[in-house]
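All heavy atoms count here, side chains included; hydrogens, waters and symmetry mates do not. Letters A, B, ... mirror the listed sequences (proteins, then strands); counts begin at 1.
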Amino acid sequence: MLKIGSYEFSSRLLLGTGKYPNFDVQKQAVEVSETEILTFAIRRMNIFEATQPNFLEKLDLKKYTLLPNTAGAKTAKEAVRIAQLAKASGLCDMIKVEVIGCQKTLLPDPIETLKAAEELVKLGFIVLPYTSDDVLLARRLEEVGCHAIMPGASPIGSGQGILNPLNLRFIIEQAKVPVIVDAGIGTPSDAAIAMELGADGVLLNTAVSGAKDPIKMAKAMKLAIEAGRLGYEAGRIEKNDYAIASSPVEGMSMG
Amino acid sequence: MELIINGEKIRIPADESTVTALLQHFNLHQKVVIVELNDEIVAKEHLSETLLSNGDKVEIVHFVGGG
């Protein structure tokens with residue numbers, strides 16, 4: 001079970017809802033992924049297009065926990081405002097803190113992220129900050145009361161996979177709250193590696209929505225995350241420089 | 001009256017005097033929307049009693065796809 005604040009989930013896959021080819025594909029991808037947590041962004045509505053469909057309206061909200069993000073915020077103040085808007089919907093009290101400090105790399109601003117996270121914890125939110133893989137920042141985020149830490153594997157949407165597994169391992173080892181690897185996952189093996197490192201979950205979006213077949217990729221990610229988790233729990237063998245025979249070395253019928 | 005809705009000046013009939021009436025005017029009352037009036041969030045339960053006046057700044061936001 002993945003426990004975040006007062007919530008419990010059986011799935012360790014958190015799925016983004018951006019950039020799918022269409023709602024039908026998206027709905028099927030969400031279903032086969034068996035995710036229980038969906039991220040959303042908060043944006044101005046086009047008030048003259050009331051009939052425009054919205055993915056949220058297509059979901060059975062009893063089945064999913066919503067994790068709105070504060071994407072678009074460049075400061076802690078903006079992030080807090082977006083979080084409050086999201087909570088005012090009455091649909092959720094979890095928030096993914098996302099304060100981007102650089103438009104080219106989409107890397108998070110560490111200082112504003114920490115400030116926003118601290119404030120949102122005080123305001124009673126379940127706080128999941130998207131952060132870089134800085135080990136000390138992860139610790140500080142936990143110290144201000146964050147309910148999970150979400151370090152990026154590589155830049156958002158880049159699909160580069162896990163660039164610094166050592167830092168992720170340090171973050172996972174020190175954390176007493178769940179660590180969810182967020183951003184940069186490209187393939188099922190990336191997701192499996194994150195889980196094998198001991199991550200409690202993986203948040204991804206583009207890897208599924210941008211795949212040639214998003215539905216099949218959603219299934220692949222679900223299986224990879226489950227496999228990676230099982231592998232972590234099972235405990236891997238030690239690495240050795242030289243071969244160690246699997247078959248008995250005694251009792252051979254030759255010579 | 002004239003309101004600034006999502007950054008745009010928009011003229012609405014003078015009798016649309018509450019936030020709920022405004023949402024009904026744009027046919028948004030059945031939608032999941034969050035409203036901010038002059039930088040203050042209007043709680044769902046107060047939408048029908050919150051009055052609008054000329055020049056008010058209204059933000060109407062919703063959930064969209066995102067990661």
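Interface remark: A:Lys19 contributes no atoms to any contact with chain B (heavy atom separation under 4.5 Å). Heavy-atom distances place the side chain of A:Glu57, and not its backbone, under 4.5 Å from chain B. With a 4.5 angstrom heavy-atom cutoff, B:Val33 touches chain A only via side-chain atoms. For A:Leu67, no part sits under 4.5 Å from any heavy atom of chain B, backbone or side chain. The parts of B:Ile60 that come within reach of chain A are both its backbone and its side chain, each placing non-hydrogen atoms under 4.5 angstrom from that chain. Looking at A:Ala71, there are no atoms closer than 4.5 Å to chain B (heavy atoms on both sides), in backbone or side chain. In this structure, chain B has heavy atoms under 4.5 Å from both the backbone and the side chain of A:Ile42. When heavy atoms are compared at a cutoff of 4.5 Å, A:Glu98 approaches chain B solely by way of its side chain, counted from C-beta outward. The contact between B:Ile5 and chain A is made entirely by side chain atoms (from C-beta outward), counting heavy-atom distances below 4.5 Å.
Separation of atoms CG (B:Leu28) and CD (A:Glu49) is listed at 11.0 Å; rounding is to 0.5 Å.
Checked by atom type and distance alone, the side chain of B:Asn6 never pairs as donor or acceptor with a backbone atom of A:Ile47 at under 3.5 Å. The backbone N or O of B:Gly66 lies less than 3.5 Å from no partner atom in the side chain of A:Asn69, so there is not a single donor-acceptor pair.
For the set A:Gly90, A:Gly16, A:Ala50, the count of heavy-atom pairs under 4.5 angstrom toward chain B peaks at A:Ala50. For the set B:Glu8, B:Gln30, B:Lys44, the entry with the most heavy-atom pairs within less than 4.5 Å of chain A is B:Lys44.
Within a 6.0 Å radius of NZ in A:Lys87, other residues, nucleotides and ligands contribute more than 12 heavy atoms.
The two residues A:Ala41 and B:Gly65 make their nearest non-hydrogen contact at CB-O, 4.1 Å. B:Val64 and A:Arg43 make their closest contact through CG2-CG, 3.5 Å (heavy atoms, listed as atom of the first residue, atom of the second, distance). Shortest non-hydrogen contact noted between A:Ala86 and B:Phe63 is O-CZ, 3.9 Å. Between B:Ile34 and A:Ala88, the closest heavy-atom pair is CG2-CB, 3.7 Å.
Side-chain contact check for A:Arg81 versus B:Glu59: some heavy-atom pair is nearer than 4.5 Å. A 4.5 Å side-chain heavy-atom check between B:Val32 and A:Leu91 finds at least one atom pair inside the cut-off. Between B:Ile10 and A:Phe48, some side-chain heavy-atom pair lies under the 4.5 Å cut-off.
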Check against side-chain contact (heavy atoms from CB on, under 4.5 Å), B:His62 and A:Arg44
CA-CA 6 Å; B:His62 67 155; A:Arg44 277 176 170 170; over 6 Å; no

